Amino acid sequence: MSEHRYQPQEIEPRWQRVWADEHTWEVANVPDERFEKSYVLEMLPYPSGEPHIGHLKNYSLGDAIAHFHRRTGRRVLHPMGYDAFGLPAENHAIRTGVHPRKSTDESIAAFQRAFRSWGISIDWSREIASHEPSYYRWTQWIFLKLFERDLAYRKQAAVKWCPNDQTVLANEQVIDGRCERCGAEVEVRQLEQWFFRITDYADRLLDDLDGISWPESVKSMQRNWIGRSAGAEVSFRCEDVDPAHPIDYPVFTTRPDTLFGATFFVMAPEHPDVFRLAAGTEQEQAVHQYVNHVLTERVEDRGDAEKPKTGVPLGRFVRNPVNGEQIPMYVADYVLMEYGTGAIMAVPAHDERDYAFARTFELPIRRVIENPDGDEALPYTGDGPMVNSGQFDGAHNRTAYESIVQWLDNEGTGHASVNFRLRDWLVSRQRYWGCPIPIIYCEQCGIVPVPEDELPVELPDIEDYTPKGKSPLAAAEDWVNTRCPKCGGKGRRETDTMDTFVDSSWYFLRYCDARNDEAAWDPKVLAQWMPVDQYIGGVEHAILHLLYARFFVKALADMELLDVQEPFQALFTQGMILGPDGQKMSKSSGNVVSPTPIVERYGADAARCYILFIGPPDQDAAWNESSLEGVYKFLARLWRAGDDFAEHHPARPAEQPPEPEGSSLALVRKANWAIDKVTGDMSGRFTFNTAIAAIMELVNEITHPRSADAELSARRFAIATAASLVFPFAPHLGAEVYERVTGVRVWEEPWPAADSTMLTAETFELVCQVNGKVRDRVQAPTGAPRELLQELALASRGVQHHLNGHEVVKVIVVPDKLVNVVIR
RNA sequence: GCGGCGGUGAUGGAACGGUAGACAUGGCGGCCUCAAAAGCCGCUGAGCGAAAGCUCGUGUGGGUUCGAAUCCCACCCGCCGUACCA
C-alpha cells in the first residue's frame, strides 16, 4: 500500500500545474466594487545564483498573507519581479567573460523555477525585470522627470570612492568607512556626479513616518538617518583679513543658549576659505601642512571620536556676536565639511569635543550654564541656570533659548534654523551593468536630456567590463558619440549608469500596470492598487531602499503622476535564518543551507511550514533539521487523516454538525478554537508559529484515539477545517486534503468563521487561589454568577486546607476564570 | 555616547496583569513487530516527599497590585542600527 503515504513529490507538482494552467492568481486591472483591494508585496529578489533560505522565508510569509487576504474577501495583487542590474553580475562577467545579461537571465530562470516549486501564488502576468529595456525605459523616464524639476542635478563634490569596485558610492552604501559591497576601504575624491535632491524631502520623509504602520526600529533608523536637528544659524564676523570687507562666517548650533561660552572657532579642513584666511599669516605654512595631511588620512581613522584632537590656528580672529569678543580661529579635522556650514563655534565648557580640543590647545574654558546639582565638573552638557551670559544671567537655559535666538534675529546676526544629517543621493556609477543615464553632453548646449520619445537609451554590448576609473561604457565609441537632440551638433552620451537602488525605487508602481507600453503607468490604474497594503522584507533595507522608494513616491506625487504620499502602508521585517550553528549563513563559514534539497526531500509545504513554525517571523532563527521533520510528520498525519477518511467516505461539502455530543462535540469545539486562534494570528502580528501550533493541536485531536467514535460529519468538518486553515502555509496539502474530503477547491472557499457558541463549553476549570497562589481547580458552570464562583472556591479542598483559622479579608472573582481568596 | 529590540526548561519557543512553559525538538517508558524502521500512547522545570502535597522558579535589585514573565524605577548582559552631526 505504498500509495497510502504522504508524498509531497506527487501532490505538489499536480496542484502547481492547476494553478499555472488556470492562471489562478492573476487579477485584472478592472475595478470591482464588490471587493476591497489588497496589495501584498515581498521585496523583489536580486537574481544572483540560486535562491537561498532567506528567500523561502520571505515569500512563504508574503504568500500566507496573500492567501489569507484573498480568502477574507479581498482582491489581491501579488506580483513578482527581479532587481536585475548590479555589481555581482558584472564582477562575475569580469572574471568569466560571460555577459551579465546571460548570467542574470540564468539566475532569473532559477528563481522562477523555485517560486513555482514552492507553490507561491504569484500573478505571473505582471512579471518584470529591471534590466529589460521595457522596464528601464521608464526608469530613464523618471530620471528625466526628476531632471525637469531640478531634483536630479550634476555637481562637483567630495564623494566616496570604492577603489576596488572603481565606482563612487552613495553615503548610505558606506558602512564603517568601507564599501557595502566588497568591504574595501573607501576613499574621498572630488568628482562631478549625478545626485537626486532627496534633502528637499527631508522634512516630509521624517514627518510622514508617523502615519505608517512600520516597525518602530525601522522608523527610528530612518529618523536617525535623516537626523533633523533644530537650532540656530549664527554669524561670526571676521574683520582681520580686510577690515574694509569683513566676512561673515555662519555656524550651525543646537545650543545657542551657550553662545556666551564660545571661546574659539573651528573650520573643517575642506572649508574653501581655510587657505585664504591663513594666507599672509605666520600660520600659512602650518595650515597647508595640516590640511594636506588630513586629506590623505583614511576616512575610517578620521571618523574616530576617540583619537586625540588635532588642529592648527589660522592666525585669524572672529567676533562673537553676543559679546563682541574676538576669538581665535582654528582648522581641525573634528569639524566636518558635510554637516552644517563646515564651521563651528566652540563652547568647551558644554561640549565634550570642544572641551577636549581646548584642553589640548590650552584655550579658555568658560562655564555659562550651572549644574543644578552643584557639580562643578566640565564639560557639562545638561541644563541649568545661565551665568557669564550678560543680560541672560540667572535665566534657565531652556527658557532663555528662544529669547537668545530672537535677540540674534533682531541684531541680524542669526536666526532659527534646522539642519539635516541626510545628504543628497549620489546616483551615478562608473559601471557597466546598470541603467544608462539618459543625458547627452553637447559642446554648444551643455547638459541635454534625451527626448522622451527616444527612450530607452539601450545599454550597448561591450567587450571589456573591467573598471578603469571611468565607466566601461566609455569604450563603446559608436554608442557614446551621438548628436545633440537640441542643436543637432556633436554630442556625447553620459557613460555612467544609475545606482541599482534607482531601479528598485519604483518597481512596485510598475507592477500595477506592468504591460503598459504607452506610459510607465496609467494613474487611474495606479490609484486602484496603491499603496502597498503589506510590504515584507529584510531589515537590511531599513534605510537604503525604503527611504529611496518613499522619496520617489513623494516626488512623483508632487508631479501629480500618482496620488499617494507613502508607498508602503504597512511593513513587516522578517528575521534572518541563521545556519545550524547559529551564525549568519555564508559560503566562507560553510554553513549555508540550500532550500532546494529540503524541498525535494520533504516537499515545499513542509519547508514553508517549518520556516514559519521555527519562531516569530520577525526574529532571527537557527536552521534545525530535526524540527523540520516534526513539521513534516504533522503534515503527513493530516494527509493520512484525510486519506483514511476519503478512502471510506465520498467527498461532500463540510458542514458543522448541528448538535454534536461527546467526542463529536470535543472535535467541533477544537476546530472552532483553531479557527479563532489562526484567524487572530493572521490578522495581527503574523505570529504564524502559534497559528501552525494551533493547527497541530487540531490535527492531534483528530487523530487521537478518543476521537475515533466521533460522528462522520464532525470528523469531516474537523479535517476540512484543518486543511482549510493550513492552506495559507501549506497550499498543496491544504488543497489536496480539502478536495479529497469535501470535493471543493479550498482557495475558492471563504476563510472559515468560528462559531462563537462553540468557543465556550458548559463548564470551565475554575482556578482557586489563596493570596495569589493556585490551591485548587474545580469545574464550574460557564457564565455562573460571582457569588456561586466564590462559594465553589471557598468550598474547594485546596482552599479549605489553606484557610484554616485565617481571616478572609476579601475575595476577588474573575468570571469564567478564577477566584482569589485574600486571607490574613 | 545615542536610538531600537531582547534576556523564560536540555533546545526552538507559548502565555489580553489572572493556572508559567502551549506547540515542537530532544530524552525516558510503553504498545505494535521475530526484530527494526514507520506509526501510536504516556511521562518529561528544579528541590523535598511513600503519597497527598509543599517550597522554589521567567537576567539582578526594588516598587505598584488581591495577583507581575507581563506595568513602573534602577542596574547587568546580549543583539541590531548609528556615531567627532556641533
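Quick note on labels: first sequence line is chain A, next is B, and so on, each numbered from 1. The figures that follow rest on heavy atoms only: side chains count, while hydrogens, waters and symmetry mates do not. All figures in this text were calculated on a predicted structure; none of them were measured in a lab.
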>> So if I take every side-chain heavy atom of A:V822 and compare against B:rC84, B:rC66, B:rG18, which nucleotide ends up nearest?
In response: B:rC66

> What's the CG-C1' distance between A:N689 and B:rA15, to the nearest Å?
Replying inline: 12 Å

> Hey, is the side chain of A:R637 poking within less than 4.0 Å of OP1 or OP2 on B:rC40, counting only N and O atoms?
Replying inline: yes

> Which is true for A:N700 with a 4.0 Å heavy-atom rule: it touches a base, it touches only sugar-phosphate, or it touches nothing?
Replying inline: sugar-phosphate

> Among the nucleotides B:rG26, B:rG13, B:rC85, which one has an atom lying closest to any side-chain atom of A:R353?
Replying inline: B:rC85

>> Quick check for you: among B:rA86, B:rC85, B:rC84, whose closest atom lies nearest to any side-chain atom of A:K309?
In response: B:rC84

> Taking atom C1' in both B:rU58 and B:rA20, what distance in whole Å separates the two?
Replying inline: 8 Å

> Could you state the CG-C1' distance from A:D618 to B:rG12, rounded to the nearest angstrom?
Replying inline: 15 Å

> Mind checking the C1' distance from B:rC54 to B:rG62? Whole angstroms is fine.
Replying inline: 28 Å

> Of the candidate nucleotides B:rG81, B:rA83, B:rG4, which contains the atom at the shortest distance from the side chain of A:R421?
Replying inline: B:rA83

> Salt-bridged, A:D383 to A:R398, with N to O below 4.0 Å?
Replying inline: yes

> Expressed in whole Å, how much space separates the C1' atoms belonging to B:rU33 and B:rC40?
Replying inline: 13 Å

> With a non-hydrogen cut-off below 4.0 angstrom, is A:P215 in contact with a base, only sugar-phosphate, or nothing?
Replying inline: nothing

> If the C1' atom of B:rG29 is compared with that of B:rG13, how far apart are they to the nearest Å?
Replying inline: 26 Å

>> Base, sugar-phosphate or nothing for A:V774? Non-hydrogen atoms, less than 4.0 Å.
In response: sugar-phosphate

>> Checking side-chain polar atoms at under 3.5 Å, does A:N58 have a donor or acceptor matched by the opposite partner on A:Q574?
In response: yes

> Under 4.0 Å between a side-chain N or O of A:H704 and OP1 or OP2 of B:rG39?
Replying inline: no

> With a non-hydrogen cut-off below 4.0 angstrom, is A:R797 in contact with a base, only sugar-phosphate, or nothing?
Replying inline: sugar-phosphate

>> Applying a 4.0 Å non-hydrogen cut-off, can you work out what A:N624 is touching in the nucleic acid: base, sugar-phosphate, or nothing?
In response: nothing

> Where the side chain of A:Y339 is defined as all heavy atoms beyond and including C-beta, which of B:rA86, B:rU19, B:rC40 is the nearest nucleotide?
Replying inline: B:rA86

>> Please report the distance separating the P of B:rC32 from the corresponding atom of B:rC23, rounded so that it comes out in whole Å.
In response: 26 Å

> B:rC71 and B:rG18: how far apart are their P atoms, nearest whole angstrom?
Replying inline: 11 Å

>> Please report the distance separating the P of B:rC76 from the corresponding atom of B:rG27, rounded so that it comes out in whole Å.
In response: 41 Å

> Can a salt bridge be assigned to the pair A:R359 and A:D354 using a cut-off of 4.0 Å between side-chain N and carboxylate O?
Replying inline: no

> Over how many whole Å does the gap from A:I226 atom CD1 to B:rU82 atom C1' extend?
Replying inline: 14 Å

> Which nucleotide sits closest to the side chain of A:S627: B:rC23, B:rC84, B:rU25?
Replying inline: B:rU25

> Out of B:rU19, B:rA86, B:rA15, which nucleotide sits closest to the side chain of A:R777?
Replying inline: B:rU19

> Any idea which of B:rG4, B:rC41, B:rC23 is nearest the A:A693 side chain?
Replying inline: B:rC23

> Please walk me through it: do A:R228 and A:N419 pass side-chain hydrogen bond (donor to acceptor under 3.5 Å, both in side chains)?
Replying inline: CA-CA 6 Å; A:R228 188 189 140 107; A:N419 233 284; over 6 Å; no

> Partner of B:rU33 by Watson-Crick or G-U wobble geometry, both contacts under 3.5 Å, or none?
Replying inline: none

> Between A:R255 and A:T703, which has a closest nucleotide on RNA chain B that is more 5'?
Replying inline: A:T703

> Just how far, in rounded Å, is P of B:rA83 from CH2 of A:W225?
Replying inline: 6 Å

>> Taking pairing as Watson-Crick or G-U wobble with both contacts under 3.5 Å, can you name the mate of B:rC66, or confirm there isn't one?
In response: B:rG18

>> Classify A:E352 by what it touches in the nucleic acid, base, sugar-phosphate, or nothing, heavy-atom distance under 4.0 Å.
In response: nothing

>> Please name the nucleotide paired to B:rA24 by Watson-Crick or G-U wobble geometry with both distances under 3.5 Å, or report none.
In response: B:rU11

> So what does A:K633 hit on the nucleic acid, given a heavy-atom distance under 4.0 Å: a base, only sugar-phosphate, or nothing?
Replying inline: sugar-phosphate

>> If only side-chain N and O atoms count, and only distance matters, is there a donor-acceptor pair under 3.5 Å linking A:R550 with A:Q222?
In response: yes

> When the ring planes of A:Y380 and A:H350 are compared, do they come out parallel, tilted or perpendicular, using 30° and 60° as the limits?
Replying inline: perpendicular

> Which base, if any, makes a Watson-Crick or G-U wobble pair with B:rC2, both distances under 3.5 Å?
Replying inline: B:rG81

>> Just to be sure I understand the rule, does A:E765 reach a base, reach only the sugar-phosphate, or reach nothing, if contact means heavy atoms closer than 4.0 Å?
In response: base

> Is there a donor-acceptor pair closer than 3.5 Å between any side-chain N or O of A:T679 and the backbone N or O of A:I675?
Replying inline: yes

>> Using a 4.0 Å heavy-atom cut-off, does A:G630 contact any base of the nucleic acid, only the sugar-phosphate backbone, or nothing at all?
In response: sugar-phosphate

>> Return whichever of A:V335 or A:E629 has its heavy-atom-nearest nucleotide of RNA chain B closer to the 5' end.
In response: A:E629

>> On a heavy-atom basis, which atom in A:C768 and which in A:V799 lie closest, and how many Å separate them?
In response: CB-CG2, 3.6 Å

> Should B:rG49 be called syn or anti, with syn set as within 90° of 0?
Replying inline: anti

>> Return the pairing partner of B:rA74 with a 3.5 Å limit on both distances, Watson-Crick or G-U wobble; otherwise return none.
In response: B:rU60

> Taking atom P in both B:rG1 and B:rU8, what distance in whole Å separates the two?
Replying inline: 24 Å

> For B:rG53, what is the paired nucleotide under Watson-Crick or G-U wobble rules, both distances under 3.5 Å?
Replying inline: B:rC48

> When you measure from the side chain of A:T690, which nucleotide among B:rA14, B:rC23, B:rA83 comes out closest?
Replying inline: B:rA14

> When we call it a touch if two heavy atoms are under 4.0 Å apart, what does A:V809 touch: a base, just sugar-phosphate, or nothing?
Replying inline: nothing

> With a 4.0 Å cut-off on heavy atoms, is A:R775 in touch with a base, just the backbone sugar-phosphate, or nothing at all?
Replying inline: sugar-phosphate

> So, do A:Y610 and A:Y632 have ring centers that fall under 6.0 Å from each other?
Replying inline: no

>> Whole angstroms only, please: what is the CZ-C1' distance between A:F613 and B:rU25?
In response: 9 Å

> Of the nucleotides B:rA14, B:rG81, B:rC84, which has the atom closest to the A:P616 side chain?
Replying inline: B:rA14

> Counting only side-chain N and O atoms of A:H802, is one of them less than 4.0 Å from OP1 or OP2 of B:rC54?
Replying inline: yes

> Just how far, in rounded Å, is C1' of B:rC66 from NZ of A:K810?
Replying inline: 5 Å

> Over how many whole Å does the gap from A:I543 atom CD1 to B:rG3 atom C1' extend?
Replying inline: 11 Å

> Over how many whole Å does the gap from A:L578 atom CG to B:rG12 atom C1' extend?
Replying inline: 12 Å

> So, A:D333 and A:K307, do they make that salt bridge, N to O below 4.0 Å?
Replying inline: yes

> Quick one: is A:R640 getting a side-chain N or O under 4.0 Å of the B:rA38 phosphate, OP1 or OP2?
Replying inline: no

>> Classify A:I614 by what it touches in the nucleic acid, base, sugar-phosphate, or nothing, heavy-atom distance under 4.0 Å.
In response: sugar-phosphate

> With a non-hydrogen cut-off below 4.0 angstrom, is A:S229 in contact with a base, only sugar-phosphate, or nothing?
Replying inline: sugar-phosphate

